[in-house]
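Below: the structure, in structure tokens.
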Amino acid sequence: MESGAIPLESVGPFDLQATVESGQTYLWDRADGNMYETTSAHGGDHWYETVVPPIAGVTDERAVVRVRQTDGLLEWESTTDAVPILTHLLRLDDDLDAILGATPDLPLLNRAYEEYRGMRLVRDPPFPCLISFICSAQMRVSRIHGMQMRMAEQFGDPVEFDGRTLHAFPTAEQLAERTEEELRDLSLGYRAPYVQRTAEMVADGEADPAAVRGMEYEEAREYLTRFVGVGDKVADCVLLFSLDFLEAVPLDTWIRTAIADHYPECDAGGYAETSRAIRERFGGEYAGYAQTYVFYYLRAGGE
DNA sequence: GCCCAGGAAGGGG
DNA sequence: CCCCTTCATGGG
């Protein structure tokens, strides 16, 4: 086992708990088993862990990463050097101060950014992210997380680390081999056939979420809707939380409420038109950052 | 019991 | 193209 610590003065503002428990990613687990339950200010001091698939240019091998935030440090334990992996997954390479500087001066955005200062977007691996958000339809955050954990435990490879057995998220091939019935047994409900058929599409090489790299934003969103269970909203989540389209603004129930209450002129009827309007209102290039702060802020009870 | 949760598919107009 | 209904499941 390797271990180390990343000094946060080299990273800028960072809040691990807000980043991992804000409903962007469902692939991390809290070692104390209390995911989404107890919250504390700035960082949280809890250990989080995940099994990372090989990522080109980041890690050649599958890795286990465990991380916690203490004052001024991001402490980690891993099967390998976790610095490039954490930098990739938690977007430590984003210049958050510059992003805030490019964000329009709107009261709602100011309150949300103030409340969760340091929260980053995540950069999830594409296939697990795609499956996670197919599962997110009409479902609470904690239950989406439970579904991903059960799929990993039941269908993913076991990985030994520090005397315990963790589980990698299943590959497309592993999920495609499962039946709709087996997925329903994990309480996926009507999402079970969506997950199964999308996994088949990826496993068969019929389509690949990573194929959108280099596409123009709306073209990329349109591409992702070919997957079963993926409409405009889920496509935007995958673009934002996995594929580096920071301008993507997923129009979920919370952001639609925010539009109705704060920016009614942005409600242009259809998804594409409303998306363009709120994207422009939130500053364009980093509009997805603003959306994610607003989502977490409103869901936690802010106004 | 009722209502809701980071929606999407399938049908009809 | 837009509008409507249906689709599981668990927690409040």
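By convention in this document, chain letters (A, B, ...) are assigned in the order of the sequence lines, proteins followed by strands, and residues within each chain are numbered from 1. Because the structure is a prediction, the values reported are computed rather than measured.
With sequence neighbours excluded, no residue satisfies salt bridge (Lys or Arg N to Asp or Glu O under 4.0 Å) with A:E177. Under the ring-ring contact (aromatic ring centres under 6.0 Å, His included) criterion, A:Y113 pairs with A:Y293, sequence neighbours left out. When the salt bridge (Lys or Arg N to Asp or Glu O under 4.0 Å) test is applied to A:D244, the partners found at least two apart in sequence or on another chain are A:R91, A:R123, A:R213. Take A:E75 and apply the salt bridge (Lys or Arg N to Asp or Glu O under 4.0 Å) test, not counting sequence neighbours, and it matches A:R68. The salt bridge (Lys or Arg N to Asp or Glu O under 4.0 Å) check on A:E247 picks up nothing, with sequence neighbours excluded. Taking the ring-ring contact (aromatic ring centres under 6.0 Å, His included) definition, one finds that A:F133 meets it with A:Y26, A:F241, sequence neighbours left out.
Under the 4.0 Å criterion applied to side-chain N and carboxylate O atoms, A:E21 and A:R30 are assigned as salt-bridge partners. Ionic pairing of A:R221 and A:D236 is present here: one or more N-O contacts between side-chain nitrogen and carboxylate oxygen are shorter than 4.0 angstrom. Using a 4.0 Å cut-off between a side-chain N of Lys or Arg and a carboxylate O of Asp or Glu, A:R276 and A:E218 qualify as a salt bridge.
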Pull out every protein N or O sitting under 3.5 Å from an N or O of nucleotides 4-6 of chain C, one pair per line with the distance.
none

Enumerate all atom pairs, one protein N or O and one N or O from nucleotides 1-4 of chain B, separated by less than 3.5 Å.
residue	atom	partner	partner atom	Å
B:dC4	O2	A:R140	NH2	2.8

Item to check | side chain to side chain donor-acceptor pair (under 3.5 Å) between A:E181 and A:T179, intermediate numbers included | outcome: CA-CA 5 Å; A:E181 190 62 29; A:T179 64; over 6 Å; no
Checklist entry - Could you go step by step and tell me if A:E2 and A:S78 meet the side chain to side chain donor-acceptor pair (under 3.5 Å) rule? => result CA-CA 5 Å; A:E2 297 186 34; A:S78 176; over 6 Å; no
Checklist entry - After noting the C-alpha distance and the side-chain angles of A:R281 and A:E265, does the key distance pass the salt bridge (Lys or Arg N to Asp or Glu O under 4.0 Å) rule? => result CA-CA 10 Å; A:R281 177 60 51 98; A:E265 68 281 5; 2.7 Å; yes
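Atom CE of A:M147 is separated from atom P of C:dG11 by 12 Å (rounded to the nearest Å). If you take CZ of A:R150 and P of C:dG10, they are 8 Å apart, rounded to a whole angstrom. Rounded to a whole Å, the CG atom of A:L251 is 17 Å from the C1' atom of B:dA5. Remark: P of C:dG12 and CD of A:E37 are 11 Å apart, rounded to the nearest angstrom. Rounded to an integer number of Å, the gap from A:I144 CD1 to C:dT9 C1' is 13 Å. Atom CZ of A:R143 is separated from atom C1' of B:dG7 by 15 Å (rounded to the nearest Å). If you take OH of A:Y296 and C1' of B:dA5, they are 17 Å apart, rounded to a whole angstrom. To the nearest angstrom, C1' of C:dG12 lies 16 Å from CZ of A:R299.
Within residues 282-295 of chain A, the residues that have a heavy atom under 4.0 Å from DNA chain B are, in order of number, A:Q291, A:F295. The stretch residues 177-196 of chain A touches DNA chain C through A:R184, A:S187, A:G189, A:Y190, A:R191, each having a heavy atom under 4.0 angstrom from the strand.
For the pair A:Q154/A:R178, no side-chain contact is recorded, criterion being any heavy-atom separation below 4.5 Å from C-beta on.
With DNA chain B read from its 5' end, the first of the two nearest nucleotides for A:T225 and A:G23 is the one closest to A:G23. When each of A:Y26 and A:V228 is assigned the nucleotide of DNA chain B with its nearest heavy atom, A:Y26 is the one assigned upstream, toward the 5' end.
Atom name P, nucleotides C:dA8 and B:dG11: the rounded distance is 15 Å, in whole Å. If you take atom P in B:dC3 and the same atom in C:dT5, they sit 15 Å apart, rounded to whole Å. The separation of B:dA5 from C:dC3, taken at their C1' atoms, amounts to 22 Å, rounded to a whole angstrom.
Across all strands, A:G231 comes closer than 4.0 Å only to sugar-phosphate atoms, never to a base (heavy-atom distances). Residue contacts for A:Y271: at a heavy-atom cut-off of 4.0 Å it reaches no nucleic acid atom on any strand shown.
Side chain of A:E303 to backbone of A:L108: no donor-acceptor contact under 3.5 angstrom is found.
Pairs of residues two or more places apart, or lying in two chains, that qualify as side-chain hydrogen bond (donor to acceptor under 3.5 Å, both in side chains) and include a residue from residues 49-62 of chain A are A:E49-A:R66, A:E49-A:R164, A:R62-A:D157.
Aromatic ring pairs are classed by plane angle as parallel below 30°, tilted from 30° to 60° and perpendicular above 60°; the pair A:F245 and A:Y217 is tilted.
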Checklist entry - Dot-bracket for DNA chain B: what is it, with Watson-Crick or G-U pairs under 3.5 Å, [ ] where a pair crosses earlier ones, and | for a pair to another strand? => result .||||.||||||.
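Taking all atoms of both residues into account, the shortest heavy-atom contact from A:V249 to A:I278 is CG1-CG2, 3.8 Å.
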